[in-house]
Amino acid sequence: MKTPTRVIVLGAGGQFGRQIVNRLGDTGAWDVQAYERRQLDITDRDRLRQAIVAGRPAWVVNAAAFTNVDACESQADSADRVNARAVADLAAISDESGAALLHISTDYVFDGRSAVPYREDDPPAPISTYGRSKMLGEQSARHATRHLIVRAAWLYGPGGRNFIDAILARAETGQPLRVVNDQRGNPSNAADMAECVERLMRLDATGLYHIVNGGTTTRYELACRAIELAGLSTPVEAVVTAAYPTPAARPANSALDASKYETATGHQPRHWSLALAEYVVNRRAATAE
Ligand SMILES: NC(=O)c1ccc[n+]([C@@H]2O[C@H](COP(=O)([O-])OP(=O)(O)OC[C@H]3O[C@@H](n4cnc5c(N)ncnc54)[C@H](OP(=O)(O)O)[C@@H]3O)[C@@H](O)[C@H]2O)c1
């Protein structure tokens, strides 16, 4: 049997981090060393270097990020430190230890003005501090000789702060909701994304890829579908973004085109509504236990 390939996962306690650790662990092809933030802070360059050089991984997977989009507006330096400067360190350390760097980025690097889903070669034009810090992170990750950058979108999974859980928690109280109907994107299940990322790793892919579940929707439609799937009947009012001001601006249409991934792997991620249904059913089962 082939010796499992060593992988170090950083930010292993987050939504994507948990799922990629599970996925890599399930296949038997990977030997995973997972670090949550409390075990390894990626802004601690010395400890980061120590762990990666000692671990001698073939891949370093960076699932760590400052992901609170609104908080990034008032904590721009922290956002840059985690989302960009630490990634520059990671690129240098990955090169030093002969590892490939797999870095996760976001649809929020785009301004959202496109009428069609963004492709990998569309120029980023972020409209928030978070988006800018993630764009800088991509630029930093490209300094690693072997790098794979994957842009995700509208992620949800157990263990994080996400739109679906926030909507359902509020809907469960029975209070009516107001949700924006003029932001469009690809809701993406973190477990599905982890499966797709592992496919790219198996191919030793490098470069930039978009990975999202199939189809697009608005925040309003997504909220309504999640509430319906949860068996709730809480009323939802559709509002425009202008009526719901937030510290950070959000792209109006940040849908991503994942056809480059589909061509490379021959795999098509399932439609967002199927992935969401599975997530909501599992969530109901977990809360009923
Ligand atoms: N969530 C989305 O909708 C979305 C959409 C597109 C792309 N993405 C990208 O996808 C990736 C994964 O996001 P996610 O949804 O899994 O986010 P998440 O659930 O917030 O996970 C991020 C993890 O990184 C950890 N972390 C933060 N600062 C760290 C540091 N200095 N050192 C080590 N770990 C640190 C966090 O720990 P604490 O919780 O303890 O802070 C958390 O466990 C990120 O690159 C994100 O930008 C996310």
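All values derive from a computational prediction rather than experimental measurement. Just so you know, ligand 1 is whichever comes first in the structure, and atom 1 is the first atom listed for that ligand. No hydrogens, no waters, no symmetry mates; every other heavy atom, side chains included, goes into these values.
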Can you tell me which portion of [X] lies within the under-4.0 Å heavy-atom range of ligand 1? Options are side chain, backbone, both, or neither.
X: A86; answer: neither
X: W154; answer: backbone
X: A153; answer: backbone
X: T67; answer: side chain
X: V82; answer: side chain
X: S105; answer: backbone
X: N162; answer: neither
X: K134; answer: side chain

More than 12 foreign heavy atoms under 6.0 Å from [atom1] of [X]: is that the case here?
X: R49; atom1: CZ; answer: no
X: R56; atom1: CZ; answer: no
X: R202; atom1: CZ; answer: yes

| said: Taking the six-membered ring of F163 as reference, does the cationic atom of R219 (NZ for Lys, CZ for Arg) lie under 6.0 Å from its centre and within 45° of its axis? | reply: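 Yes, cation above the ring, under 6.0 Å and within 45°.
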(request) Sort out for me which residue in N186, L222, D192, V212 forms a side chain to side chain contact (heavy atoms under 4.5 Å, CB included) with W272. (result)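 Among the candidates, only L222 passes.
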Q) Do T106 and ligand 1 have an N or O pair less than 3.5 Å apart? A)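 It does not: no N or O of T106 is found under 3.5 Å from an N or O of ligand 1.
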**Item:** Under 3.5 Å: N/O of G17 near N/O of ligand 1
**Value:**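 No.
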Q | Contacts of type side-chain hydrogen bond (donor to acceptor under 3.5 Å, both in side chains), residue E138, not counting sequence neighbours | A |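 side-chain hydrogen bond (donor to acceptor under 3.5 Å, both in side chains) check on E138 returns S105, R151.
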Can you tell whether the side chains of [X] and [Y] come within less than 4.0 Å, N to carboxylate O?
X: D77; Y: R85; result: yes
X: R23; Y: E198; result: yes
X: E221; Y: R225; result: no

Counting only heavy atoms, tell me which of [options] gets closest to [atom].
atom: atom 19 (O) of ligand 1; options: Q15, H103, R81; answer: Q15
atom: atom 24 (O) of ligand 1; options: G159, A190, S78, A65; answer: A65
atom: atom 41 (O) of ligand 1; options: R38, R37, R18, Q19; answer: R37

Practice problem: Determine whether V9 and L24 make a side-chain contact, defined as any pair of heavy atoms from C-beta on separated by less than 4.5 Å. | Solution: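 Answer yes - side chains close enough.
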Find all atoms of ligand 1 within a distance of less than 4.0 Å from any non-hydrogen atom belonging to [X], and give their numbers and elements.
X: A64; result: 24 (O), 33 (C), 34 (N), 35 (C)
X: G13; result: 43 (O)
X: Y130; result: 8 (N), 46 (C), 47 (O)

[X] near ligand 1, heavy-atom distance under 4.0 Å?
X: F163; answer: no
X: D41; answer: yes
X: N68; answer: no

Next on the checklist: If only side-chain N and O atoms count, and only distance matters, is there a donor-acceptor pair under 3.5 Å linking N162 with Q15?
Outcome noted: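 Indeed, the side chains of Q15 and N162 share at least one donor-acceptor pair under 3.5 Å.
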**Message:** R250 vs S128, test: side chain to side chain contact (heavy atoms under 4.5 Å, CB included). Steps then yes/no.
**Reply:** CA-CA 7 Å; R250 264 81 172 167; S128 65; over 6 Å; no
Considering only protein heavy atoms, determine whether one is less than 4.0 Å from atom 16 (O) of ligand 1.
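When distances to the protein are checked, atom 16 (O) of ligand 1 has a heavy atom within 4.0 Å.
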